[in-house]
Amino acid sequence: MNERRPEPAPGPLPESVPVIRAVGHGTAKLLPDVDRARAWLLTVDGAPQSYVDLDEPRHLEFEYIRRLAHVIDCAADDGAPLTVLHLGGGALTLPRYVAATRPGSAQSVVESDAALLDLVERELPIPAGAGITAHTADARSFLEAAPDASADILVADVFGGSRIPAHLTTVEYAHQAARVVRPGGIYAANLADGAPFAFLRSQLATFATAFTELALVAEASVLRGRRFGNAVLVAAHRPLDTAPLARRTASDAFPARVEHGASLRRFTGEAAPVRDGGALPSPRPPEGAFSIG
C-alpha cells in the first residue's frame, strides 16, 4: 500500500482546458464546466465518475453523491468531526465535502488506480490541512488491514469501469466492513442495478448477515424497475432513524425514497447472501445508462 499526503495547493487551474490521460481502468478525462469557474467532471471511458467544484466543495452535482452526503449529514451533529474511510476515490468529491462541512475530520481515501489518483492530485489538488490522506491500494485489502472499530463512517463507491468488483459484494467483505465500523457508525455504499434487481437484492441479503439495520435510498423510478440506476445501501449496528434522511432525500431536485424495515424486507424477498466462491461483479449498465460519449 502506498500512502500519499496532499501537497499545498498551487494556483488556479487553466480555464476550459480538458485534460486526457491513460489510467489503469481506461482513459480518464477532466472536462471543465463552462458555468462554474473551477468545476470539473471526471469521466473514465466515457462514464461519469465524479464532479468537483474546487471553489465550492459543498456543491454536489451527482444525485447519488448527494444521497451519500445526506447519510453523512444525518450521522452526527452538524459540524462534528468524524473519522471516515472512503473505499474508492474518483475526484475525492465526498472527502472534500466532509472536510468543508465537518472541519477537523480525519479521512482516508483508498483508490486502486494509481494513475487516476495521480491525475486527480495533480490537476485537482487537495487543499492543505483538509485532513484527507489518499492511499493507493485494493479496497478490500486495505479494509482487511484496518483496525477494529476505527471508522465512524465507511463509504464504498468502488467501480472497475462501470461495475462493482466481485470481491466487494460478498459476506466475507461485509463482515470486514462491519468489523471496521464503530458501534454507533454507518456503512454506506453506492450500488447500481435494474429490474429484476437480482444484484441489489443479493446485496441486501449479504449485508443483513453482518449488520443489524439496513436502509436503501433510491429514486422511485429505479425501485419500480423503470430504469437502471443508482441505489445507496445504508447499514448500521444500531437502529436507524430514517426520518431525517427521508426528508433530505425527498427535497432533492430528483427526489428519492428511503426503504427500511418491513418494506425493505419485502423488497429483498428470498434473495440469498453472496459468498466469495460464487461472487460476480455488479451488472453491466445498459448502453447509454451512464455514459456521456
Side-chain angles (χ1 to χ4, degrees), residues 20-31 41-51 61-65 67-68 86-91 93-94 110-113 115-117 119 138-141 143 155-174 177 188-207 216-233 254 256 259 267-293:
I20 303 173
R21 296 284 187 276
V23 296
H25 292 299
T27 299
K29 295 181 181 180
L30 285 172
L31 306 173
L41 173 68
L42 169 67
T43 71
V44 177
D45 286 346
Q49 300 291 318
S50 300
Y51 177 101
E61 189 77 8
F62 291 175
E63 292 299 328
Y64 86 86
I65 287 286
R67 291 164 194 153
L68 287 169
H86 303 263
L87 303 181
T93 304
L94 198 56
V110 183
E111 172 58 58
S112 65
D113 191 329
L116 178 61
L117 183 57
L119 171 67
D138 172 74
R140 180 157 163 182
S141 296
L143 183 65
V155 178
D157 186 13
V158 184
F159 284 76
S162 58
R163 306 176 75 184
I164 301 169
H167 68 305
L168 303 181
T169 68
T170 67
V171 167
E172 292 83 353
Y173 163 77
N190 177 34
L191 307 177
D193 200 7
F197 301 113
F199 174 73
L200 190 53
R201 289 183 167 118
S202 75
Q203 289 304 284
L204 291 165
T206 295
F207 278 82
L216 189 69
V217 186
E219 288 182 41
S221 60
V222 173
L223 292 174
R224 290 171 181 160
R226 294 177 182 170
R227 66 179 184 85
F228 191 98
N230 296 99
V232 170
L233 168 66
F254 294 92
E259 298 293 342
F267 180 84
T268 306
E270 299 300 318
V274 177
R275 296 195 173 271
D276 278 346
L280 296 171
S282 64
R284 192 180 305 279
E287 187 173 353
F290 295 131
S291 66
I292 61 170

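All values reported here derive from a predicted model rather than from experimental measurement.
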Task: Non-hydrogen atoms of Asp113 and His25 that approach each other most closely - done: OD2-N, 3.1 Å
Task: Rounded distance [0.5 Å steps], CG in Leu42 versus CG in Leu31 - done: 8.5 Å
Task: Donor-acceptor under 3.5 Å (Arg201 side chain, Phe267 main chain) - done: yes
TODO: To the nearest 0.5 angstrom, please state how far the CG atom of Leu119 sits from the CZ atom of Arg21.
DONE: 6.5 Å
Task: Note: Glu219-Arg67 ion pair, threshold 4.0 Å (strictly below) - done: yes
Open item on the list: Taking ring pair (Phe, Tyr, Trp, His ring centres under 6.0 Å) as the definition, give me every residue that meets it alongside Tyr51, ordered by chain and number, with sequence neighbours left out.
Closed with: His59
Open item on the list: I want to check something: taking the side chain as every heavy atom from C-beta on, are Leu216 and Val232 in contact at a cut-off of under 4.5 Å?
Closed with: no
- [ ] Indicate the atoms forming the closest heavy-atom contact of Ala279 with Ala166, along with that distance.
- [x] CB-O, 3.6 Å
Task: Spatial distance of atom OG (Ser202) from atom CG (Leu280) [nearest 0.5 Å] - done: 9.0 Å
TODO: For residues Leu168 and Phe159, determine if any side-chain heavy atom of one lies less than 4.5 Å from a side-chain heavy atom of the other.
DONE: no
Open item on the list: Please find the pair of heavy atoms, one from Glu172 and one from Asp276, that lie closest to each other, and give the distance.
Closed with: OE1-N, 3.1 Å
TODO: Test Thr27 against Val44 for side chain to side chain contact (heavy atoms under 4.5 Å, CB included), laying out the working first.
DONE: CA-CA 5 Å; Thr27 299; Val44 177; over 6 Å; no
TODO: Would you check if the side chain of Glu111 reaches a backbone N or O of Leu116 as a donor-acceptor pair within less than 3.5 Å?
DONE: no
Open item on the list: To the closest 0.5 Å, what do you measure between CD (Glu259) and CG (Leu204)?
Closed with: 10.5 Å
TODO: Starting at OH of Tyr173, measure out to CZ of Arg140 and round the result to the nearest 0.5 Å.
DONE: 9.5 Å
Task: Student check: side-chain heavy atoms of Pro273 and Phe207 closer than 4.5 Å - done: no
Task: 4.5 Å side-chain heavy-atom contact, His86 and Val110 - done: no
TODO: Rounded to the nearest 0.5 Å, what's the gap from CZ on Arg275 to OG1 on Thr170? Could you check?
DONE: 9.0 Å
- [ ] Identify the two heavy atoms, one from Ser282 and one from Arg163, that lie closest to each other, and give their separation to 0.1 Å.
- [x] O-NE, 2.7 Å
Task: Under 3.5 Å: donor-acceptor pair, side chain of Ser112, backbone of Asp138 - done: no
Task: Sidechain-backbone polar pair: Thr206 side chain, Val274 backbone, donor-acceptor under 3.5 Å - done: yes
Open item on the list: Just to verify, what does Ser221 make a side chain to side chain donor-acceptor pair (under 3.5 Å) with, not counting sequence neighbours?
Closed with: Arg227
Task: Smallest separation among heavy atoms of Tyr64 and Gln49, with atom names - done: OH-O, 3.6 Å
Open item on the list: With a 4.5 Å cut-off on side-chain heavy atoms, are Pro281 and Pro165 touching?
Closed with: no
- [ ] Compare every heavy atom of Ala205 with every heavy atom of Ala271, then report the nearest pair and how far apart it is.
- [x] O-CB, 3.4 Å
Kindly list each side-chain donor-acceptor pair under 3.5 angstrom involving residues 189-200, sequence neighbours excluded, with atom names and distances?
unit_1: Asn190; atom_1: OD1; unit_2: Asn230; atom_2: ND2; d: 3.0
unit_1: Asn190; atom_1: ND2; unit_2: Asp157; atom_2: OD1; d: 3.0
unit_1: Asp193; atom_1: OD2; unit_2: Phe199; atom_2: N; d: 3.2
unit_1: Asp193; atom_1: OD2; unit_2: Leu200; atom_2: N; d: 2.8

